[in-house]
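Have a look at the structure below before the remarks.
Whatever order the structure lists ligands and atoms in, that order sets their numbers, starting from 1. The structure displayed is predicted, hence computed values, not measured ones.
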Amino acid sequence: MRAKRRLGQNFLTGTHFPDRILRALDPKAGEAIIEIGPGQGALTQGLVESGARVIAIELDADLIPSLSDRFAGRPNFRLVEADALQVDFCDLIAPDSDARVVANLPYNVSTPILQRLIAHRRCLAELTLMLQREVVDRITAEPGGKEYGYLSVLVQMYCKTERLFDVPPGAFRPAPKVFSSVVRLKILPRPAAEVTDAAAFIELTKILFAQRRKTIFNNLRAGFEKLGLSDAASASRALEAVEIDPRRRAETMTVMEIARLTDVLHALREEK
Ligand code: SAM
């Protein structure tokens with residue numbers, strides 16, 4: 001069957017990289033593991049053999065019959081034909097509430113799927129994901145560099161990140177243009193920094209990185225209405241309260257600083 005580009009289908013070939021991913025995951029008999037995009041089953045086979053309870057979510061209807069046939073009669077395998085951008089992962093695994101996720105993610109939607117997984121973190125314990133290498137660079141970036149941005153802050157707020165290994169284009173059919181990397185994201189038992197309003201933290205992070213080349217203050221000034229502030233001067237007051245130089249750029253801000261700023265802005269809104 002021809003791979004569909006619009007579904008980001010780059011199938012792993014051979015056994016070397018599937019085996020490495022499975023070894024890194026180390027699935028245990030009886031545990032709930034969600035696989036997003038099983039495709040032709042490169043990872044699914046080893047998952048099912050481990051005895052884990054595998055819930056595979058595949059969007060491509062053309063792949064469903066061969067997957068169903070291949071794993072027919074395996075009581076620990078469940079195939080769900082659905083869009084990972086629509087499913088409620090927690091409903092899917094209930095009454096379990098600490099599933100692990102493994103996926104060679106379709107590149108075209110890898111970031112929205114990652115965001116959705118983080119939004120469902122209450123029922124997930126760990127994500128082992130293959131992504132484009134540059135996306136993993138962004139996820140694992142430290143403050144101060146050009147890779148550090150919205151995705152780094154979002155992921156590092158809720159996960160401990162660990163880059164595992166790179167995978168060359170030749171490991172896939174068809175071969176993508178870029179290298180991939182496998183990353184392990186462990187959901188933290190508590191966020192890296194406490195905030196009163198988690199949605200406000202995410203909104204603030206978006207605003208801070210809206211224009212990377214602008215200063216923190218200029219981004220806040222441009223977004224003060226979205227932040228629920230009465231005027232741009234309030235943004236200035238908030239930065240003063242958390243002792244952040246308004247001339248800095250967001251890429252220098254730690255998760256902790258963004259969290260503190262979120263809380264001060266929250267307090268200002270409450271005052272209004
Ligand atoms: N796991 C297989 C492998 O490693 O060879 C396939 C990986 S391929 C990069 C991505 C898979 O995700 C494809 O099977 C594709 O059909 C599926 N897919 C694409 N978009 C999806 C979505 N929104 N929800 C669920 N599966 C999706």
Lys28 (side chain) donor-acceptor with Asp26 (main chain) under 3.5 angstrom: yes

Contact (N/O only, under 3.5 Å) between Ile113 and ligand 1: no

Close-contact set for ligand 1 against Ile57 heavy atoms, below 4.0 Å: 25 (C), 26 (N)

Residue portion contacting ligand 1 (non-hydrogen atoms closer than 4.0 Å) for Ala84: both

Residue pair Asp69 / Ser66, side-chain donor-acceptor N/O under 3.5 Å: no

Arg53 side chain vs Ile93 backbone, donor-acceptor pair below 3.5 Å: no

Validation row: Ile34, Leu117 side chains within 4.5 angstrom (heavy atoms): no

Nearest-neighbour protein heavy atom for atom 5 (O) of ligand 1, which is reported as residue plus atom name and distance: Leu12 N, 2.8 Å

Any donor-acceptor N or O pair under 3.5 Å, side chains Asn218, Gln211: no

Any Gln40 heavy atom less than 4.0 Å to ligand 1: no

Region of Pro18 engaging ligand 1 - heavy atom pairs below 4.0 Å: neither

Close N or O approach (Asp83, ligand 1; < 3.5 Å): yes

Shortest protein heavy-atom distance from atom 18 (N) of ligand 1, along with the residue and atom involved: Pro106 CG, 3.8 Å

Sidechain-backbone polar pair: Gln86 side chain, Asp83 backbone, donor-acceptor under 3.5 Å: no

Proximity to ligand 1 by part of Lys4, non-hydrogen separation under 4.0 Å: neither

Nearest-option assignment for atom 8 (S) of ligand 1, heavy atoms, candidates Gly8, Gly39, Ser110: Gly8

Pairwise side-chain contact, Ile244 with Phe217, heavy-atom cut-off 4.5 Å (strictly under): no

Note, Val135 side chain near Tyr107 side chain (heavy atom, < 4.5 Å): no

Nearest-option assignment for atom 25 (C) of ligand 1, heavy atoms, candidates Leu59, Val109, Leu7, Leu105: Leu59

Nearest neighbour in protein (non-hydrogen) for atom 6 (C) of ligand 1: Gly37 O, 3.3 Å

Protein residue, atom and distance nearest to atom 16 (O) of ligand 1, heavy-atom basis: Glu58 OE2, 2.6 Å

Parallel, tilted or perpendicular: rings of Phe209 and Tyr148 (30°, 60°): perpendicular

Those atoms of ligand 1 less than 4.0 Å from some heavy atom in Asp60: 16 (O)

Glu251 (side chain) donor-acceptor with Gly149 (main chain) under 3.5 angstrom: no

Close approach, Glu35 and ligand 1, non-hydrogen under 4.0 angstrom: yes

Under 4.0 Å to a heavy atom of Ala82 - the qualifying atoms of ligand 1, by number: 24 (N), 25 (C)

Leu208 side chain near Val153 side chain, heavy-atom distance below 4.5 Å: no

Ala103 contact mode with ligand 1 (heavy-atom cut-off under 4.0 Å): neither

For atom 3 (C) of ligand 1, closest protein heavy-atom neighbour: Asn104 ND2, 3.5 Å

Atoms in ligand 1 with a heavy atom of Gln9 nearer than 4.0 Å: 13 (C), 15 (C), 16 (O)

Per-residue contact class, Leu63 against ligand 1 - non-hydrogen pairs under 4.0 Å: side chain

Phe172 vs Asn104 side-chain heavy atoms within contact, under 4.5 Å: yes

Distance filter under 4.0 Å to Ala42 heavy atoms, resulting ligand 1 atoms: 5 (O)

Any donor-acceptor N/O pair, Asp60 side chain to Gly39 backbone, under 3.5 Å: no

